[in-house]
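Written below as structure tokens is the structure these notes are about.
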Amino acid sequence: MLTRTLVKDAHNAPAAADAILLQGWIRTRRDAKTFSFVELNDGSCLKGMQVIVNDSLPDYAELMRRSTTGASVSVRGKLVPSQGAGQKWEVVAEKYAVLGEADASYPLQKKGHSLEFLREIAHLRPRTNLFGAVFRVRSRMAYAIHQFFQERDFLYVHTPIITASDCEGAGEMFGVSTLDPLNLPRDAEGNIDYAQDFFGKKTSLTVSGQLEGETFACALSSIYTFGPTFRAENSHTSRHASEFWMVEPEAAFLDLEGDMQLAEDFVKHLIRDAREHCAADLEFFGKFVDKELSARLDFVLERPFQRCSYTEAIDILQAAGKKWEKNVAWGDNLQSEHERYLSEEHFKCPVTVYNYPRSLKPFYMKVNAPDAAGRETVRAMDLLVPGIGEIIGGSQREENLEVLRENMRHHNLNEQDYSWYVDLRRYGSVPHAGFGLGFERMLMFVTGVANIRDVIPFARTPGNAAF
RNA sequence: UGCCCAGUAGCUCAGCGGUAGAGCAGUUGACUGUUAAUCAAUUGGUCGUAGGUUCGAUCCCUACCUGGGCAGCCA
């Protein structure tokens, strides 16, 4: 029995072969006088394999009638040097079968489609060059994430998807409930009585595994999570999705400085890995998606990321001599236009902004000593990247029990709701830090694809959960 | 959630007060070691939905729906 060869491997064959078996989908067919060219793609690589089907094969006319774009075929034949210029090898079919036809209603054509249209046929778009390439890179990057952390002795921890904790500051949550919405139980005050719900309390889909991740870092030293995350924000932008994947390393005995370095090494590792293992796909993106891609990725690899404190960033923005939509003053959030200016115009490279005003950040971030002007900051950091903006957000966590409690009061949080989290500071507390990287945003950066909906297999955005 | 843009053939778009057009795809034929093949012919549309203005609306107005962009929220 002849085993199947992937198109990718056939292209890399060291020598001609008397018999190989290819199976895949037809991208296009071109008929010549006594034979047809059938271009077969199986998703293993960008480039299809050119198959020559001679009219001497039995049922040639009928086979070609059924060999339309989108049909699936099984081809057994000889791998021979191509007579044409476009490829090294081609396959001369000896046995040729159409497994599944694709009639005229098949929506994918040889010529380009708009990304908006392809989103409507998300079940078929991986059959296009662009999405095949995107999802090959996505798969490789997921692998590279594990490789990076495993090599550094970070343990992979599976934090819960359904959670009763609210990683405050991360965003709105999707509720998880089995209560009948038409007949909700009420407590004495008329509020929904979650005590009668499935878990006996109010639960939601996770917005971050960070708090749970910290508990494992405070036992196993260095951990990471990598999984889906859910935010019920009504965001309509090209870089927000309601369901996305996040990588969240957390390490004990790590400070903000080390956290920033880890983030930089991590991002560079992913880019280097994509360069090495997805070269053909990246070349495709460089040609059809973003002409600057290759130069930008090289540039990012070559230089250290810039670092600048929030306070310095404010000074830079105020000295920029630009008219801002929103004025910049110490204590304000950096707006999109400010972040863009820093990474795209001022530093012209990825930049890590750190030590943000305490008032802007969640309760768990470690508080710095006040500066000369008495201003309070926390050890937070955001990695800003040209073209996308924030790709990583992280911080050193507050390990001091009393300061953490004070922070919780400051944020109007009930300590009882976070008792297990507070315990980490009560028993053997250690300095620790971590960050979250938006996997899709990283993919946008690596591929040059401008919309987050196009780097997720099936995008969930407000009002849209087809498929 | 706010502001903005767009919905016309299967796809990408043009038309814009007088009743609908192109390219591609499809179909038919020709030609050819082609590779987004080429050439010729041809099929295909209650112009997003509902109201309104008008003698007359795809075109102007309003609302809604859908898609997209930007901002906020963040990753």
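In what follows, chains are A, B, ... by sequence order, proteins preceding strands, each numbered from 1. Keep in mind that the numbers below use all heavy atoms, side chains included, and drop hydrogens, waters and symmetry copies.
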Touch class at under 4.0 angstrom, heavy-atom based, for A:I452 against every strand present: base
Polar pair under 3.5 Å, donor/acceptor by atom type, side chain A:T237, base B:C70: no
Kindly list each side-chain donor-acceptor pair under 3.5 angstrom involving residues 457-467 of chain A, sequence neighbours excluded, with atom names and distances?
unit_1 : atom_1 : unit_2 : atom_2 : d
A:R460 : NH1    : A:A466 : O      : 3.3
A:R460 : NH2    : A:F467 : O      : 3.0
A:N464 : OD1    : A:A466 : N      : 3.4

Salt bridge flag under 4.0 Å for residues A:R296 and A:D290: yes
Check: B:G33 base within 3.5 Å donor-acceptor of A:E90 side chain: yes
Under 3.5 Å donor-acceptor, A:R29 side chain and A:S67 backbone: yes
Ring-base stacking, A:F244 with B:A75 (5.5 Å, 30° cut-offs): yes
Below 4.0 Å: OP1/OP2 of B:U34 and any side-chain N or O of A:R27: no
Side chain A:H236 and base B:C70 donor-acceptor under 3.5 Å: no
Residue-phosphate contact under 4.0 Å: A:S238 side-chain N/O, B:C70 OP1/OP2: yes
A:S105 side-chain N/O to B:G10 phosphate OP1/OP2 under 4.0 Å: no
Phosphate OP1/OP2 of B:G67 contacted by A:R453 side-chain N/O (<4.0 Å): no
Given B:C11, B:C74, B:U32, the nucleotide with the shortest approach to the side chain of A:N333: B:C74
Touch class at under 4.0 angstrom, heavy-atom based, for A:N129 against every strand present: nothing
Identify all pairs in which a protein N or O lies below 3.5 Å from an N or O of nucleotides 35-38 of chain B, and state each distance.
unit_1 : atom_1 : unit_2 : atom_2 : d
B:U35  : O4'    : A:R30  : NE     : 3.0
B:U35  : O2     : A:Q50  : OE1    : 3.3
B:U35  : O2     : A:Q87  : OE1    : 3.0
B:U35  : N3     : A:Q87  : OE1    : 3.3
B:U35  : N3     : A:Q87  : NE2    : 3.4
B:U35  : O4     : A:A85  : N      : 2.7
B:U35  : O4     : A:G86  : N      : 2.8
B:A37  : OP2    : A:R30  : NH1    : 3.3

Under 4.0 angstrom between A:S235 side-chain N/O and B:C73 OP1 or OP2: no
Side-chain donor/acceptor contact of A:H113 with base of B:C11 under 3.5 Å: no
Under-3.5 Å N/O pairs linking protein and nucleotides 40-44 of chain B:
none

Touch class at under 4.0 angstrom, heavy-atom based, for A:A104 against every strand present: sugar-phosphate
A:R127 side-chain N/O to A:G43 backbone N/O, donor-acceptor pair under 3.5 Å: no
Partner nucleotide of B:C47 by Watson-Crick or wobble geometry (both distances under 3.5 Å): none
Presence of donor-acceptor pair under 3.5 Å, side chain of A:R239 and base of B:C70: no
Under 3.5 Å: donor-acceptor pair, side chain of A:T69, backbone of A:R27: yes
Test ring-ring contact (aromatic ring centres under 6.0 Å, His included) applied to A:Y224 and A:F154, step by step: CA-CA 6 Å; A:Y224 68 105; A:F154 281 62; 7.1 Å; no
Presence of A:N451 side-chain N/O under 4.0 Å of B:G69 phosphate oxygens OP1/OP2: yes
